[in-house]
Amino acid sequence: MNGTIDIQIVEKSGFFAFENSISLDPSTAHVVPLSLVEQYLRSTFPAAFNKLDQTYNSFDSFLKTAGRDIVRAGLVSWQQWNYELLTVRNYYTDKRHEHECFSNLTWDNLNENSLLFVFYAKEDKRRYEAERASMNKKSRQRQEMNDYGSPSDAMTTNESRYENMLSNEILGLCHNLTPTQKAMDSIKHLRKKIQNMLNSVWPNMNYQVVIFGSSANSLALTNADVDFCIVVPESRYEQDLHQYRNKLPKLPKSVYNMFFLASRLRSIGMRGVEAIGNASVPICKFVDPHTGLNCDINTNNILGIENTQLIQKYCDLDSRIRPLIFAIKQFVKQKNINNPRGGTLSSYAYVIMVLHFLMSKLRNPVIPSLQRLQVTCTSRDCNFKSFKPIPVLHNHQIIKCDARYHDCVQIQGVGDYGLHVRGATTVWQGRNTDSIATLLTQFFQYYSNENNYTISIISPDGELFPNEELYPHKDPFTIQDPFITSKNVARSCTTVGARIIIQEFQRAATLLSGKDFQYHFSHICDPKFNLTRPVDTESMEFRFQQRNQRKTTTVRQDKVVGYLGNEKQSQTISETSKRVFDLWAGSESDAEPIPIEVTITNEHLLRESWGVSSPLKIERSSPSPPPPPPPVAVAATVGNRQEGTSSSSGSSHNTAATSSGSTTKTNGKNELSPIFHLVKKIMTLKPKSENVLDTFANEPCTDMYKLLEDPVINKIQPQDICYLIAQLNFLGDAVAGKMISNAVLEHQQQYEQQQEQRQQHSAFVETQELQRALAEMGLNDEYDDDEEEDDDSYQLNETDESDIEDEDEVNINYVLDNVPDYLESYEIYNLLQWYGRIRKIEYIQNPPSWCVRMAMKYKNVKLLPVNPEFDGFTCDGQAYII
């Protein structure tokens with residue numbers, strides 16, 4: 001048979017038993033009838049099973065011979081598990097029931113001679129054998145005690161069972177969180193799609209897209225971010241690096257420019273594309289619309305690829321490392337302490353912490369240091385002997401990084417925990433046989449101490465590799481990069497973030513090491529118990545938020561109506577206000593009412609004060625504002641509106657025509673209604689300050705609650721209040737719009753005057769230079785005689801462009817004013833490169849502006865943007881023909 005098919009059959013058998021177990025207790029061995037496993041695999045591998053029958057005569061014979069050899073060789077992915085074939089009778093009589101390794105089955109009608117596929121954790125078997133040995137030594141005491149006798153022995157047994165339960169839970173978590181093969185195939189398909197894009201944009205450049213990070217070293221959680229790297233040929237990259245250095249990420253239309261790469265990703269349908277070009281490693285974020293995966297891509301981060309492979313080598317040494325890292329990653333994810341931009345640590349930093357702990361902070365280390373191996377390397381093809389330094393741009397300098405490590409090591413002496421490493425010739429003797437649960441508890445206990453955060457995996461002792469540029473006291477945590485020794489992986493961690501991490505670790509250590517032995521790992525990770533976190537003003541996330549607020553253009557505020565000075569403070573306040581007005585007005589809509597949250601007290605007060613009994617209903621779309629009314633008296637406008645309403649509707653809403661909002665006629669005379677009395681009352685309370693805008697825009701003119709106690713105002717109908725506020729709002733918009741229009745017109749006139757003055761000054765300077773040149777040539781008199789005659793024609797040639805054809809090439813200066821301080825030259829280049837050839841881009845400090853010298857066809861001058869935008873910031877652009 002095909003060896004690959006054999007491995008797949010054994011592997012699928014374990015997965016099938018794990019997912020379809022008939023055991024009563026899921027924390028014990030997973031059991032399934034062998035006939036069901038065979039039926040499932042026959043439908044999955046029909047051709048392979050026919051050959052299996054010919055070779056081994058039966059499926060159980062295959063599992064007892066070739067299947068066991070496959071598991072011993074470590075060729076399956078569930079290397080911390082094993083299987084047995086037992087009859088139903090032998091299963092129920094097995095001593096492991098007494099140690100809670102086995103549990104009863106949910107199926108009662110099984111034949112006692114039927115074979116069962118028993119899938120158990122190796123950790124269970126080791127615990128069972130240790131307990132049986134202890135029981136044999138204390139057989140006499142065990143006969144005398146009932147239910148485990150002395151408290152100390154009972155505590156030891158309970159602790160052992162808890163460790164077993166916790167280890168099995170973590171192993172199950174590792175299995176459930178591992179991405180499926182379908183998900184991995186989707187990532188590979190996405191990689192091919194990006195590769196095709198690179199080949200079309202940069203043909204014959206031999207750029208290659210590589211998957212790295214957790215998706216490449218078997219440490220990715222389900223739906224985790226995917227990291228891609230564009231690998232540039234070594235010779236090409238070294239040439240670009242030495243030629244451009246810091247300008248490399250800003251090269252227009254280059255693979256190093258994340259902004260240009262972002263435009264190419266959008267062209268192939270990627271969503272949410274965001275270029276981060278100013279990071280230490282420039283990246284571009286995007287979302288694949290087909291899978292919904294969040295992805296990051298960078299260019300030639302070779303050290304990131306080497307880091308991925310180094311971590312993969314560590315995980316291949318011992319079967320406990322990968323589940324332990326999975327548990328830590330799940331914990332920090334649920335606790336929301338894995339966000340570098342939020343002031344905490346990255347997942348990569350936590351992986352380094354795990355390896356540091358396993359390497360140097362246990363009495364019996366679990367793993368050796370692959371970069372500073374303390375045993376003799378016996379391999380000729382070891383990566384440590386053949387690898388050469390990698391050039392990297394770090395802190396504005398080109399440095400050579402020693403990225404060597406031993407890939408020929410295999411651990412012995414740890415029983416089933418040791419994994420088979422293909423091609424390994426160097427042996428490292430291990431002595432640590434602690435369970436996964438024990439290592440997890442010790443991990444939290446060790447990092448609960450704030451003095452244990454100087455971390456490195458380069459040397460076996462865990463100390464920082466000698467480097468004068470790394471000082472532990474600069475940052476709360478110091479986690480040394482394995483290859484760039486002067487780089488602190490934890491440099492983004494703030495004081496607040498470090499305190500939260502330590503507190504969460506202390507809580508986990510307390511729960512895991514308590515005497516109750518009852519907390520599941522899911523409870524320890526539960527986000528409901530996350531610690532409250534203060535605002536972290538040192539975090540990048542907070543600083544970016546503040547910077548974006550400064551960038552955002554200020555929304556025009558309505559200062560005509562005082563109490564509407566702050567147009568919209570928040571979504572919640574705005575929606576609640578509208579609902580309150582609808583409640584007052586008793587407005588009804590055919591649309592389905594939208595549920596809202598209003599406290600009983602507030603609703604009661606509204607109904608008591610205004611007599612409203614209609615239900616809360618919110619219209620799904622607000623009506624469009626009416627056209628501006630003609631300039632007539634306010635009283636006439638309101639009266640006409642209500643008369644029109646009265647004559648047109650004829651429904652129950654005609655009550656508005658007779659409400660207090662209209663004028664009433666008594667003894668042939670018109671009297672002001674309560675709504676006009678309210679307006680008059682408010683206007684008499686207008687502040688006497690000259691700068692009234694700032695006064696009434698921020699505070700009420702009087703106590704509004706006392707104003708409502710006025711007997712006349714108390715008669716006002718809610719509909720009239722809502723109508724008045726709405727119309728004043730429209731009036732405020734109209735007044736503000738007119739004010740802005742006048743201001744814009746005045747600004748435009750001033751700008752045109754300045755332009756005219758500049759042109760006159762330019763013409764005067766050129767005339768002076770021409771006179772000076774003629775004087776030197778002895779032609780000044782001749783020019784003076786003809787000066788008056790030629791002056792008009794000279795000015796006409798400067799200002800009239802009618803003699804320039806559209807296809808003629810002209811030289812221009814394009815000036816950008818009102819620019820943000822974060823604007824970079826490459827952003828301007830990306831904006832203007834389509835109009836012509838850019839010869840020079842200069843920054844002018846006073847006033848802050850950019851000047852771009854270009855050569856282009858005259859027809860393109862008319863197409864240049866007048867108000868270009870950069871990240872939402874609008875600038876002023878003006879072109880001058882030279």
Does [X] come within less than 4.0 Å of [Y], counting only side-chain N to carboxylate O?
| X | Y | result |
| --- | --- | --- |
| R72 | D69 | yes |
| R42 | E38 | yes |
| E129 | R126 | no |

For a quick check under 3.5 Å, do [X] and [Y] share a side-chain donor-acceptor pair by atom type?
| X | Y | result |
| --- | --- | --- |
| T291 | D288 | yes |
| N206 | Q208 | yes |
| T425 | T378 | yes |
| N338 | Y350 | no |

Using only atom types and a distance under 3.5 Å, with no angle test, would you say the side chain of [X] pairs donor to acceptor with the backbone of [Y]?
| X | Y | answer |
| --- | --- | --- |
| S459 | F465 | no |
| S379 | D381 | yes |
| Y417 | V366 | no |
| T299 | I230 | no |
| N432 | N364 | yes |
| Q480 | T485 | yes |
| N168 | S27 | yes |
| S492 | G343 | no |
| Q79 | S319 | no |
| T180 | A183 | yes |

Just checking, R322 and Y314: is the charged tip under 6.0 Å from the six-membered ring centre and within 45° of the axis?
-> no
If you draw a 6.0 Å radius around [atom1] in [X], do more than 12 non-hydrogen atoms from other residues or ligands fall strictly inside?
| X | atom1 | result |
| --- | --- | --- |
| H420 | NE2 | yes |
| K192 | NZ | no |
| N176 | CG | yes |

After noting the C-alpha distance and the side-chain angles of F505 and F444, does the key distance pass the ring-ring contact (aromatic ring centres under 6.0 Å, His included) rule?
-> CA-CA 5 Å; F505 281 5; F444 284 127; 5.3 Å; yes
Separation between SG (C174) and CD (Q80), nearest 0.5 Å, reads 6.5 Å
CZ-SG distance between R161 and C101, expressed to the nearest 0.5 angstrom = 9.5 Å
Could you pull out all residues at least two apart from Y40 that satisfy side-chain contact (heavy atoms from CB on, under 4.5 Å)?
-> K12, F16, T44
Please list, chain by chain and in numerical order, all residues satisfying side-chain contact (heavy atoms from CB on, under 4.5 Å) with Q442, sequence neighbours excluded.
-> F357, L362, D434, T438, L439, Q445
Does the side chain of L34 reach to within under 4.5 Å of the side chain of L63, using non-hydrogen atoms?
-> yes
Which atom pair, heavy atoms only, marks the closest approach of [X] to [Y]?
| X | Y | result |
| --- | --- | --- |
| Q410 | V421 | OE1-N, 3.3 Å |
| N383 | D407 | N-OD1, 3.0 Å |
| S369 | I457 | OG-O, 3.5 Å |
| P179 | L221 | CG-O, 3.8 Å |

ring-ring contact (aromatic ring centres under 6.0 Å, His included) assessment of W78 paired with F18 = CA-CA 11 Å; W78 36 265; F18 189 90; over 10 Å; no
Please say which of L464, I479, T478 ends up in a side chain to side chain contact (heavy atoms under 4.5 Å, CB included) with S456.
-> L464
Residue of the set F102, F15, W81 for which ring-ring contact (aromatic ring centres under 6.0 Å, His included) holds with F119 | W81
